[in-house]
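Small disclaimer: the values here were computed from a predicted structure and weren't measured. Numbered from 1 within each chain, the chains take letters A, B, ... in sequence-line order.
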Protein chains: 2
Amino acid sequence: MKQTRNTAAKTEILKLINHSPVALSHAEIQSALNGLCDRVTIYRVLERLITEDEVHKVVNLEGVVKYASCHSCSSEEKHIHTHNHAHFSCEKCKEITCLEDIEPSFKVPKNYQINEMNFTLSGICPNCR
Amino acid sequence: MKQTRNTAAKTEILKLINHSPVALSHAEIQSALNGLCDRVTIYRVLERLITEDEVHKVVNLEGVVKYASCHSCSSEEKHIHTHNHAHFSCEKCKEITCLEDIEPSFKVPKNYQINEMNFTLSGICPNCR
DNA sequence: AAAATAACGCAACATTGTTGCAAATACAAA
DNA sequence: TTTGTATTTGCAACAATGTTGCGTTATTTT
């Protein structure tokens, strides 16, 4: 197993994501970092944070990739880490928030092996009404 | 209201999507068309087909945008057209299929106005097992 | 047939994401 | 503290995807 190191970039990016109530895009992280590190480094740090289960990736209805913290996921079960909670994508402010307490139920179709799910609702968030 | 015309490109693209059991990406459509029209035209035709409710857009877990036909959506209710059915995204063959008969249920959170949903399950499809 | 308008092709550009490689650095061990 | 080494970084270059402007072509209406 490859050892992973703590660097300024990683610390700052994780802090940003953890302190944000909404999921952040790569572009948003980059401009928030204000030139702290290279564009490419951000991609690589995000990749690392995902494999370390510190962060998860969400895609909104338009296909924009965003990153959110995993503070809702208990650390004890990180080895079976999944992100099977719903997300909300606001059509107005384009923000993505985690809806932790909504657990959708559905009938599993035969012959399909389900490993992950992406359940994103979109519309207008409380702030934009 | 802007008038819309039937062109060779539009006819062929719609035929492709309607005859495909899986959702198609822009790249897949382009190579299937074999140079019938320009890359940009495909984007514009797809846009048109979406506003005409002939086609809908799906995004898989990796953020790849695909297009699927709307034959499952009854034409009478096109003015209240939504695509609230689930999709399945195979991790192996990367194909997206519509799971028409799965209607997920969930508790609607307060203060959120929900207009659309994207419910994508991913894993291994019957063909890849 | 002429006028109006929708669709197209092309070129140019923007954004997002990836890869290779040499230089910088974090961190454990001496 | 210094040293050794694997990890991380920056840079440059590239690929894929999507958008826009504009002059030309095609379709529809009158």
Colleague: Less than 3.5 Å between a donor and an acceptor, one on the side chain of B:Arg44 and one on the base of C:dG9, is that the case here?
Modeller: yes
Colleague: Check the distance between D:dT17's C1' and B:Lys57's NZ and give it to me in whole angstrom.
Modeller: 11 Å
Colleague: Between A:Thr7 and B:Gly63, just flag the one whose closest nucleotide in DNA chain D comes earlier from the 5' side.
Modeller: A:Thr7
Colleague: Measure the shortest side-chain to side-chain distance between A:Arg48 and A:Arg5 over non-hydrogen atoms and say whether it is less than 4.5 angstrom.
Modeller: no
Colleague: For B:Leu46, which contact category applies under a 4.0 Å heavy-atom criterion: base, sugar-phosphate, or nothing?
Modeller: nothing
Colleague: Checking side-chain contact (heavy atoms from CB on, under 4.5 Å) between A:Tyr67 and each of A:Ile50, A:Leu16, A:Leu49, A:Ile42, which is the one that passes?
Modeller: A:Ile50
Colleague: Any donor-acceptor pair under 3.5 Å joining the side chain of B:Arg39 to the base of C:dG9?
Modeller: no
Colleague: Would you mind reading off the distance between B:Ile13 atom CD1 and C:dA7 atom P, rounded to a whole angstrom?
Modeller: 12 Å
Colleague: Using a 3.5 Å distance criterion without hydrogens, assess whether the side chain of A:His26 forms a donor-acceptor pair with backbone atoms of A:Arg39.
Modeller: yes
Colleague: Measure from the side chain of A:Tyr43, starting at C-beta and using heavy atoms only, and say which of D:dT9, D:dG18, C:dG17 lies closest.
Modeller: C:dG17
Colleague: Counting distance alone, no hydrogens or angles: does the base of C:dA7 have a donor or acceptor under 3.5 Å from a partner atom on the side chain of B:Arg48?
Modeller: no
Colleague: For A:Asp38 and C:dA22, what is the distance between atoms CG and C1' respectively, to the nearest whole Å?
Modeller: 14 Å
Colleague: What is the distance, to the nearest angstrom, from the CG atom on A:Asn60 to the C1' atom on C:dT16?
Modeller: 14 Å
Colleague: With no hydrogens and no angle check, is any side-chain donor or acceptor of B:Glu28 less than 3.5 Å from a backbone partner on B:Ser25?
Modeller: yes
Colleague: Taking CD1 from B:Ile29 and P from D:dA16, how many angstroms apart are they, rounded to a whole number?
Modeller: 17 Å
Colleague: Under a 3.5 Å distance rule, please check whether A:Thr7 uses its side chain to pair with a backbone N or O of A:Lys10 as donor and acceptor.
Modeller: yes
Colleague: Starting at CG of A:Leu36 and ending at P of D:dT8, how long is that distance when rounded to a whole Å?
Modeller: 16 Å
Colleague: Between D:dT20, D:dG18, D:dG10, which nucleotide has the shortest distance from any of its atoms to the side chain of B:Val40?
Modeller: D:dT20
Colleague: Can you work out whether A:Ala8 or B:Lys10 has the more 5'-proximal nearest nucleotide on DNA chain C?
Modeller: B:Lys10
Colleague: In whole angstrom, give the distance that lies between atom CD of B:Glu62 and atom P of D:dA16.
Modeller: 17 Å
Colleague: Tell me whether the OP1 or OP2 atom of C:dA6 has a side-chain N or O from B:Thr4 closer than 4.0 Å.
Modeller: no
Colleague: Classify the side chain of B:Arg5 versus the base of C:dT5 as yes if they form a donor-acceptor pair under 3.5 Å and no if they do not.
Modeller: yes
Colleague: Without decimals, in angstroms, what is the distance between B:Glu47 CD and D:dG18 P?
Modeller: 12 Å
